[in-house]
Amino acid sequence: MTSPLEDFLSRVRRAKIISLVGKTGLRISAVIYEHAACLVTGDSGPMHIASGVGAPVVALFGPTDPKLTGPRGRGERLVLQYVLRLYDPFFRQEPSVGRLAFAHHS
């Protein structure tokens, strides 16, 4: 039996990747996300729209805190965050090189 994370990543690996950057408006994007196998995106408006319509989301974060600005919708989500030591003032920690964090929610 696979974990939810393994199942999620397996579905992502099988998906057809299509870039729609700059090709659609918000309403059309929402309809596309609703039917998408997965959306891989940065900390952005499309991340929130996709999560809100129930699409599986892989959200990429840098120094912003995904607990504050991460996806909150009904869709399954995987948050990947990498913070270099240089850009870590928000977390008030002292990692030696950087910090990579994962959070999965279904």
Side-chain angles (χ1 to χ4, degrees):
M1 182 171 209
T2 62
S3 74
L5 177 58
E6 290 168 330
D7 179 55
F8 181 77
L9 293 176
S10 175
R11 286 184 287 139
V12 169
R13 286 186 203 104
R14 292 188 309 262
K16 181 178 179 184
I17 298 172
I18 301 170
S19 174
L20 297 175
V21 175
K23 297 178 183 173
T24 64
L26 293 176
R27 288 183 185 166
I28 292 175
S29 294
V31 172
I32 291 168
Y33 301 154
E34 194 170 21
H35 299 285
C38 180
L39 178 73
V40 178
T41 183
D43 177 14
S44 63
M47 172 194 69
H48 294 289
I49 294 168
S51 182
V53 299
V57 173
V58 174
L60 308 175
F61 277 77
T64 57
D65 188 347
K67 291 176 187 158
L68 299 175
T69 62
R72 299 282 188 274
R74 64 181 193 256
E76 186 174 2
R77 55 206 180 268
L78 174 66
V79 174
L80 305 175
Q81 182 183 34
Y82 182 73
V83 181
L84 292 171
R85 181 178 178 178
L86 176 66
Y87 298 107
D88 206 22
F90 295 105
F91 300 98
R92 308 206 191 306
Q93 296 176 4
E94 292 297 325
S96 58
V97 176
R99 180 168 38 85
L100 180 62
F102 299 89
H104 177 259
H105 307 278
S106 38

Leu68, CG atom: more than 12 neighbouring heavy atoms under 6.0 Å: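 Enclosed.
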Pairs flagged by side chain to side chain donor-acceptor pair (under 3.5 Å) wherever residues 37-51 is involved - sequence neighbours left out: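 Sorted result for residues 37-51: Thr41-Ser44, Asp43-Thr64, Asp43-Thr69.
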Closest approach of [X] and [Y], non-hydrogen atoms and distance?
X	Y	value
Val79	Pro66	CG1-CB, 3.6 Å
Pro71	Met47	CD-SD, 3.6 Å
Gln81	Gly62	NE2-O, 3.0 Å

Counterpart residues, side chain to side chain donor-acceptor pair (under 3.5 Å), relative to Arg14 (two or more places apart):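 With sequence neighbours excluded, Arg14 shows a side chain to side chain donor-acceptor pair (under 3.5 Å) to Ser10, given in chain and number order.
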Joint hydrophobic cluster, Tyr33 plus Leu26, side-chain heavy atoms closer than 4.5 Å: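 Tyr33 and Leu26: one cluster.
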Expected output: side-chain Arg77 to main-chain Val58 donor-acceptor under 3.5 Å: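 Absent.
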Partners meeting side chain to side chain contact (heavy atoms under 4.5 Å, CB included) with Ala30 (sequence neighbours left out):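 Ala30 satisfies side chain to side chain contact (heavy atoms under 4.5 Å, CB included) with Ile49, Val53 once adjacent residues are dropped.
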